[in-house]
Amino acid sequence: MSMFGWDKVGEHMYLVLMASLFAALIGLILGICCYLFKPARNPIMWLVDVLQTVPALATLGLIMILFGPTKTTVIIGLTLYSLLPIVRNTYVGLENIDPGIKEAAVGMGMTEMQQLIKVEVPLAFPMIFTGIRIAIVNSIGTAVFGAFVGGGGLGSVINRAIMIQDMDTLMKVTLILMLMAVIFDYGMGYIEKRLNQDQGMATAGSSA
Amino acid sequence: MTSFLDKYGDMLLKASLVHLQYVLTSVGIAFVIALIVGILLSRAPNISRAVIPLLGIFQTIPGLIFIGVLFIYLGIKPITVLVALTIYAIFPILKNTYTGIIGVDPSLKEAAKGCGMSDMQILFKVELPMAMNPIISGLRMATIYTVSWAVLAAMIGLGGLGEFVYRGIETNNQVLIIGGAIPSAIIALGLGYLIDYVHKKITPRGLQGGA
Amino acid sequence: MIVYENVTKKYGDVTVVDNLSLTIDDGEFLVLIGPSGCGKTTTLKMLNRLIKYDEGNIYIDDSNIKEINPVELRRNIGYVIQQIGLFPNMTIEQNISVVPSLLKWSKEKQHKRVRELLEIADLSYEENAHKYPRELSGGQQQRIGVLRAIAAGPPVVLMDEPFGALDPITRDILQDELKALNKKLHKTIIFVTHDMGEAVKMADRIVFMNEGKVLQAASPEEMLENPAHPMISRFMGKLSYSRSGNDLICADVMRLKVLTVPETKKTLECIELMKQREIDSVIVVDKNNKYKGRANIEDIMEHGKPGEPIIKMVKLDTPSVMVNTNAKDAFDHLIATNIDYLAVLNRDKTVAGIITKTSMTKSLASVVWGDDNDYND
Ligand SMILES: Nc1ncnc2c1ncn2[C@@H]1O[C@H](COP(=O)(O)OP(=O)(O)OP(=O)(O)O)[C@@H](O)[C@H]1O
Ligand SMILES: [Mg+2]
């Protein structure tokens, strides 16, 4: 581990988590917009799909024009990249709620806002959580691009290792990246299972 | 704008073609390999139980790593980029091919067998058509990410649109960044739409929509 | 002719088909029935070699199926499964012509065959041939499933609970259609079900299996009358709860509390009894409780002498039915003869109950509404 310190790993995680946090907030809002305001659905879905389709380095390059070679640039780029799974899962999660439960909420005299916050978003949460998990795992890989726009992270370690043909470091970084991805994938996957179980009971109970 | 095109027009066109070439070649080869291996894995459930979770993990490896490793082994040659991108593109297609075939309703396979289809006929007439959706979405994912990672080919000096973006970033030349970013975005979006279009065209009505 | 000769199938130590011997004639409609896990499906699938067997032999027309290439074999045996299994990626026409196309029939021949088959099933070619399976209802899909199985004209068709997933009304219609189809085409059909009503309705012969062995192989009538094993009787018992009107037998719909009088009873006493109960006829039995006939109050009033035994007043030709007579036939009889009720007799000629026009309405209502009426009041 002489080639790099754990600080680079921390930096990498910082980029990923910050971006995922913003993506979760924005994605949730956009997903709810799609759900509440149907005409907005297609344009929003199209936009987040395009954002993910455009090559990462191109997006980062363009953002760099505005924000310079900083971590901000990378975080914005990763955020844009992470929106698709979160928006899509938020929307699908909300759409798939048992209509009976929604009706019950209306029947109890909830306003549309109360329904959304107290009933619908909590019920859609496991699905939204899955979206966030996918976004984080993807970002761990994509964040490697950050090094090219001055954002640091493990991408810079990889770059240097490639330049000086240091296979050892390259393998170590690969292993660390894989490990990070696996930890988040399985760890969050486990929480997801628990959420789904709890929810399964809650849903069964309330619709019975 | 005109002056940019005057100055870089030819280069840009050439770079776009190189970029497209990298992507199409590597994704094309990856598709064939992934399809074959995916089919073989679907016939060997014991091996697959061990291999498939690994595929999911390999899928998280950034394309840059493949480019880097092969650069160290093969040096600066176009083949380096091609092989790296091919390996990268194999994983999502392979995984989706396998899960798609395994996911085909067993009663359909039984019906096919009961009708007197040979294994090959079951594969081509039932399993592959039924697994079309995941296979094509794997292909789409592989293609789009490959366009993205191919931008990094420039890092080891092998042309493509990355050269513009890369050099633009290095020299803080906005015109160069935009000049490379827009065509690469167009290529990614164009290939994405092309795949969606073909997918829609070849999906029979009976498989379209929710079901 | 199909011959199972001492066929045994084991999974590990568990014997699921145990030394089974069975001969099935050409054109026979054979129904395999029995409790879940008794080996029906296994027996069926060994015939088209979807399942390998460990011991014994199976012959179709004297050729051992082990010596026939499985793919060839299956192309000559129709196969229908409960899950229907139409290929969603193919149109109805393509689905029906799967086997003909595997057999490399010419395009025109395939096309002609599809038209012919859809016509048999009363489905319009124009409306249905180019649809996809999911664009049809469940019942229509299974019709196509049956057509696909018979498309290449196989002499033998295997059906594994083909109507098990359909609603009762559709199931009933498809059963009738299949029966009619089979009368027309003379296929050998091996049909698996766990519904005794379905078995009785469809079968030439029912084979009742339990734990991999044949408990009884007999015609439906024979099996209903002489169940060889208590378990078979229990399966029959289920018949009375059958929801399909066609499956009901008289025992299901008769009234139990009937007034019977011994043949020696005096006419006057009988009239008193009838007045008390507000009924206008009695059923007369002998000293062994065996049915003799019925006596109407009008006849007694007109011709009867108070001190005579009631037997003198009995019309000996009054119609009766047996407990296992199909209820529908009994009702037809009731309507045709325009009498108010029919006596229902046990096998030993003792009176089990009566069928009235009210019991008919009730049982029909239960079929229509599916409620759990008690006919025995
Ligand atoms: N692949 C298998 N491995 C082990 N045991 C099996 C297998 N397939 C079937 N069995 C067992 O063999 C027995 C007979 O199965 P079969 O499917 O023939 O029953 P069945 O009479 O068709 O029952 P059902 O009415 O439930 O369809 C069952 O006990 C079943 O558990
Ligand atoms: Mg079965």
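So that the names make sense, note that chain A is the first sequence line, chain B the second, and so on, each numbered from 1.
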Margin query: Is B:Q121 in contact with chain C via its backbone, its side chain, both, or neither, using a 4.5 Å heavy-atom distance?
Written below: side chain

Margin query: Sub-4.5 Å heavy-atom contacts with chain B: which residues of residues 44-60 of chain C show up?
Written below: C:K45, C:N48, C:L50

Checklist line | Toward chain B, the part of C:I77 with a non-hydrogen atom under 4.5 Å | finding: backbone

Notebook entry, point to check: Can we call the ring centroids of B:Y193 and B:H199 under 6.0 Å apart?
Noted result: no

Item checked: Residue among B:C115, B:A111, B:S107, B:P204 with most heavy-atom pairs under 4.5 Å to chain C -> B:C115

Checklist line | Quiz item: cation-pi between C:R171 and C:F163, 6.0 Å / 45° | finding: no

Margin query: Given heavy-atom pairs under 4.5 angstrom as the criterion, report whether the side chain, backbone, both or neither of C:L158 touches chain B.
Written below: neither

Margin query: Need one label for C:V98: side chain, backbone, both or neither, based on atoms under 4.5 Å from any heavy atom in chain B.
Written below: side chain

Next item on the list: Without swapping roles, check the side chain of C:N89 against the backbone of B:M130 for a donor-acceptor pair under 3.5 Å.
Entry: no

Margin query: Would the distance check show the side chain of C:Q142 and the main-chain N or O of C:I81 forming a donor-acceptor pair, the cut-off being under 3.5 Å?
Written below: yes

Checklist line | Engaged part of B:M117 at the chain C interface, taking heavy atoms whose separation is under 4.5 Å | finding: both

Check: Is chain B contacted by the side chain of C:P88, its backbone, both, or neither, given a heavy-atom distance below 4.5 Å?
Finding: both

Margin query: Would C:K9 and C:Y11 count as a cation-pi pair here, with the cationic atom under 6.0 angstrom from the ring centre and within 45° of the axis?
Written below: yes

Next item on the list: Counting only heavy atoms closer than 4.5 Å, note whether B:K109 contacts chain C via side chain, backbone, both or neither.
Entry: neither

Margin query: Closer than 4.0 angstrom, basic N to acidic O: yes or no for C:R113 and C:E116?
Written below: yes

